Amino acid sequence: MRFVDEARISVKAGDGGNGSVHFRREKFIPKGGPDGGDGGDGGSVILRADARLLTLYDFRLKRHYAAQNGQHGMGRQMYGRKGEDLVLHLPVGTLVFLEDKDGEKLLTDLAEPDQEVVIAQGGLGGKGNIHFKSSTTRAPMFAQPGKPGEEKTLRLELKILADVGLLGLPNAGKSTFLSKVSAARPKIAAYPFTTLVPNLGVLIDEYDPGRRLVIADIPGLIEGASQGQGLGMRFLKHVERTRYLLHILSVEDTDGDNPWAGFELIDEELRSFDEELASHPQIRVINKIDLASPERLEELKARAKADGLRIFFISALESQGLEELLTELWRMQDEVDRHAPLIRLRPVESGTEAAVEPDEPRGRDDGDGGDDDGDGPEFIWVYEDR
């Protein structure tokens with residue numbers, strides 16, 4: 001599943017240091033001439049593609065970035081120190097757009113790990129007065145000022161592939177679950193449709209920080225969603241490219257003769273929308289067990305066993321049962337990794353197929369062949385065998 005993660009930032013390269021106006025003054029050398037040194041160049045702002053990053057979350061928290069200014073020149077022909085470059089680490093696949101009075105244009109596509117682009121050039125340091133001595137100007141009383149560094153407003157856009165689609169009826173506690181297992185901070189309240197847009201959370205393996213799992217909290221679905229009811233097909237489309245599903249039902253919705261009716265309702269909407277989507281691997285969860293009596297909880301567990309269903313019972317709010325569920329999420333991730341190959345983002349020219357090297361087996365694309373909005377370069381998610 002692809003989501004567009006977006007952030008707007010401003011970057012400012014360092015200004016160049018001013019050249020120095022200085023004259024050599026030593027004992028017995030009262031008129032030693034100019035010896036002012038040059039100012040140092042300002043630091044540049046560099047963007048680097050980092051394969052360890054998955055979202056632009058940090059750039060929504062901090063929006064202004066500046067590289068270091070160059071140091072001013074000094075006497076005795078001492079040059080100012082160059083300002084340090086500022087390196088911003090971005091996820092692989094980030095598109096960088098320049099925003100100005102003329103509109104927006106694509107500056108670069110960070111399509112490869114460790115790719116670097118100087119996005120804002122530091123200003124040049126000014127020359128000291130030693131450079132302006134001539135036969136007619138023996139004692140120049142001026143030096144060159146440093147040039148300002150480039151300043152730009154950027155829009156960062158990243159299309160994210162989510163591993164897990166988090167499904168359930170409105171108010172099932174999906175957002176609370178996401179906030180407990182990741183750094184995501186979705187809006188949470190006790191009424192339906194609190195989540196109006198998909199939220200993303202990144203789950204990091206505590207034993208292997210390089211191993212990550214992206215979870216997408218899909219807004220609550222209702223009966224008739226496949227025909228556009230409620231928040232409708234707009235959000236079912238978000239689900240169809242997930243690798244597997246985490247289906248959460250509140251214990252409050254298990255009353256009646258069939259406690260699994262809530263699961264079945266969403267399953268039917270998935271089938272109505274796309275049979276293949278309904279066949280995705282699914283982990284079923286009953287949430288908010290802190291609201292059920294011990295007797296009711298035992299009754300539900302016994303019913304699940306009798307019906308041959310594997311269901312995880314948790315309270316996301318109280319963090320009950322989360323460890324066992326997270327273990328299952330990682331196990332399922334390993335399972336789909338074995339059967340569904342790794343996914344790689346590859347830039348392609350608009351209107352053409354993705355280039356595949358002859359020694360690489362060709363997989364399938366995501367079905368639409370590129371950008372959701374039709375602007376800028378297209379991308380194809382290519383599934384490749386290991």
Side-chain angles (χ1 to χ4, degrees), residues 1-15 42-69 83-123 148-162 175 178-179 182-187 194-202 212 214-219 234-235 238 345 347 350 370-379:
M1 173 169 53
R2 295 185 303 177
F3 289 96
V4 175
D5 194 10
E6 189 176 76
R8 282 177 171 79
I9 64 172
S10 64
V11 295
K12 171 71 170 66
D15 297 335
S44 298
V45 179
I46 299 172
L47 305 183
R48 178 181 295 163
D50 191 333
R52 297 171 298 175
L53 301 179
L54 295 176
T55 75
L56 297 172
Y57 179 75
D58 290 342
F59 294 95
R60 290 199 295 273
L61 301 179
K62 181 181 177 182
R63 297 179 181 272
H64 304 284
Y65 297 87
Q68 192 176 49
N69 293 333
E84 289 187 15
D85 293 334
L86 175 65
V87 180
L88 301 180
H89 294 260
L90 298 170
V92 176
T94 301
L95 300 176
V96 182
F97 296 88
L98 172 67
E99 293 187 339
D100 57 22
K101 64 182 187 308
D102 298 323
E104 182 180 272
K105 67 176 180 179
L106 178 66
L107 291 182
T108 188
D109 169 16
L110 299 175
E112 299 293 334
D114 300 321
Q115 178 183 345
E116 285 191 357
V117 176
V118 177
I119 206 69
Q121 185 70 52
E150 291 184 319
E151 189 170 2
K152 295 178 179 178
T153 299
L154 306 175
R155 183 174 69 85
L156 310 177
E157 181 180 301
L158 172 68
K159 287 184 173 60
I160 300 174
L161 186 75
S175 296
L178 192 67
S179 70
S182 74
R185 293 294 175 265
K187 183 179 178 182
T194 304
T195 304
L196 298 178
V197 295
N199 290 305
L200 288 176
V202 179
R212 303 184 179 196
V214 181
I215 304 175
D217 175 16
I218 309 301
R234 173 183 170 191
F235 298 118
H238 282 298
L345 185 65
S350 178
D371 247 340
D372 292 335
D373 56 14
D375 297 327
E378 294 186 346
F379 292 87

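The structure displayed is predicted, hence computed values, not measured ones.
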Between [X] and [Y], what is the shortest heavy-atom contact and its length?
| X | Y | answer |
| --- | --- | --- |
| H89 | D50 | ND1-OD2, 3.4 Å |
| L110 | A49 | CB-CB, 3.9 Å |
| V92 | P113 | CG2-CA, 3.8 Å |
| Q68 | E84 | OE1-N, 2.9 Å |
| P91 | L56 | CD-CD2, 3.6 Å |
| S44 | A67 | O-CB, 3.8 Å |

For [Y], is there any backbone N or O sitting under 3.5 Å from a side-chain donor or acceptor partner on [X]?
| X | Y | value |
| --- | --- | --- |
| E150 | A13 | no |
| D15 | G149 | yes |
| R63 | R8 | yes |

Evaluate the side-chain proximity of L53 to T94: yes if any heavy-atom separation is below 4.5 Å, no if none is.
no

In the structure I gave you, are the side-chain heavy atoms of L156 and F59 within less than 4.5 Å of one another anywhere?
yes

Distance from T108 atom OG1 to F97 atom CZ, nearest 0.5 Å?
10.5 Å

So CZ of R155 and CG of L107: to nearest 0.5 Å the spacing works out to 11.0 Å

Salt bridge check, E116 against R48: does any charged N sit closer than 4.0 Å to a carboxylate O?
yes

With I46, which of V117, V11, V87 fulfils side-chain contact (heavy atoms from CB on, under 4.5 Å)?
V87

Just checking Q115: does its CD atom have more than 12 heavy atoms from other residues, nucleotides or ligands closer to it than 6.0 angstrom?
yes

